[in-house]
Amino acid sequence: MSKAKRYWMMKSEPDAFGIDDLERVGTEPWNGVRNYQARNFMRDGMRVGDGVMIYHSNCKVPGIAGLARVASIAYPDETQFDPKSKYFDEKATREQPRWFLVDVAFERKLKRVIPLEEIRGYTDALGEGFALTAKGSRLSVFPVTAAQWKLLLSLE
DNA sequence: GCCAACGTTGGC
DNA sequence: GCCAACGTTGGC
């Protein structure tokens with residue numbers, strides 16, 4: 001297995017939990033992901049120390065807001081067991097959890113938010129497989145290649 | 001607030 | 001296993 005550092009993008013809504021919230025708390029269990037593909041990336045792909053770009057969606061200027069790192073291996077998302085949580089899943093059991101998460105640790109805010117609008121200008125360079133600019137993609141957790149990471153950071 | 005695109009659910 | 005209906009995401 002490759003030891004090369006892996007990179008990821010994770011979306012959040014700044015009104016709910018954005019980069020400023022992550023800075024304040026330091027480390028946060030990334031709960032509430034209820035999409036199997038996103039779950040699989042966290043559960044099967046992420047390793048402690050991986051790089052994470054925090055993307056702000058559903059806001060005035062959608063874009064990349066900061067950097068973080070994966071701070072734990074995947075473990076069951078507690079909110080799936082909590083009937084009072086909006087993320088409750090009645091089909092999940094402790095014996096067979098359905099949803100997993102990782103802890104995410106704050107690293108730094110970018111000097112400026114890199115707007116999606118600007119990122120779209122690099123669609124060709126980022127490649128067809130890049131989930132952020134792929135047509136219709138709504139994935140909230142997805143991999144970023146080292147080359148994509150470098151390109152995106154160069155826009156800061 | 002609108003709505004296109006997508007994922008999930010459930011009837012058949 | 002198909003697919004219509006529904007709920008959600010997220011840019012605009």
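Residue numbering restarts at 1 for every chain, and letters A, B, ... go by the order of the sequence lines.
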Exercise. Pick the nucleotide of DNA chain B nearest each of A:K91 and A:N35; which residue has the one closer to the 5' end?
Worked result: A:N35
Exercise. Who passes salt bridge (charged side-chain N to carboxylate O under 4.0 Å, His left out) against A:R138, sequence neighbours left out?
Worked result: none
Exercise. Looking at residues at least two apart in the chain, or sitting in another chain, which of them share a side-chain contact (heavy atoms from CB on, under 4.5 Å) with A:N40?
Worked result: A:R43, A:D44
What does the list of N/O pairs under 3.5 Å between the protein and nucleotides 5-9 of chain C look like, with a distance for each?
residue: C:dT8; atom: O2; partner: A:R138; partner atom: NH1; Å: 2.8

Problem set entry | Set of side-chain hydrogen bond (donor to acceptor under 3.5 Å, both in side chains) partners for A:Q148, sequence neighbours left out |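 side-chain hydrogen bond (donor to acceptor under 3.5 Å, both in side chains) check on A:Q148 returns A:T145.
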Exercise. What residues, two or more places apart in sequence or in another chain, satisfy side-chain hydrogen bond (donor to acceptor under 3.5 Å, both in side chains) together with A:Y36?
Worked result: A:R98
Problem set entry | Pairs satisfying side-chain hydrogen bond (donor to acceptor under 3.5 Å, both in side chains), at least one member in residues 68-77 of chain A, at least two apart | A:R34-A:D77, A:R69-A:E107, A:Y75-A:D103, A:D77-A:T79
Exercise. Whole Å only: how far is the CD1 atom of A:I119 from the C1' atom of C:dG11?
Worked result: 13 Å
For this session: Rounded to the nearest angstrom, tell me the gap between atom CE in A:M10 and atom P in C:dG10.
Result: 13 Å
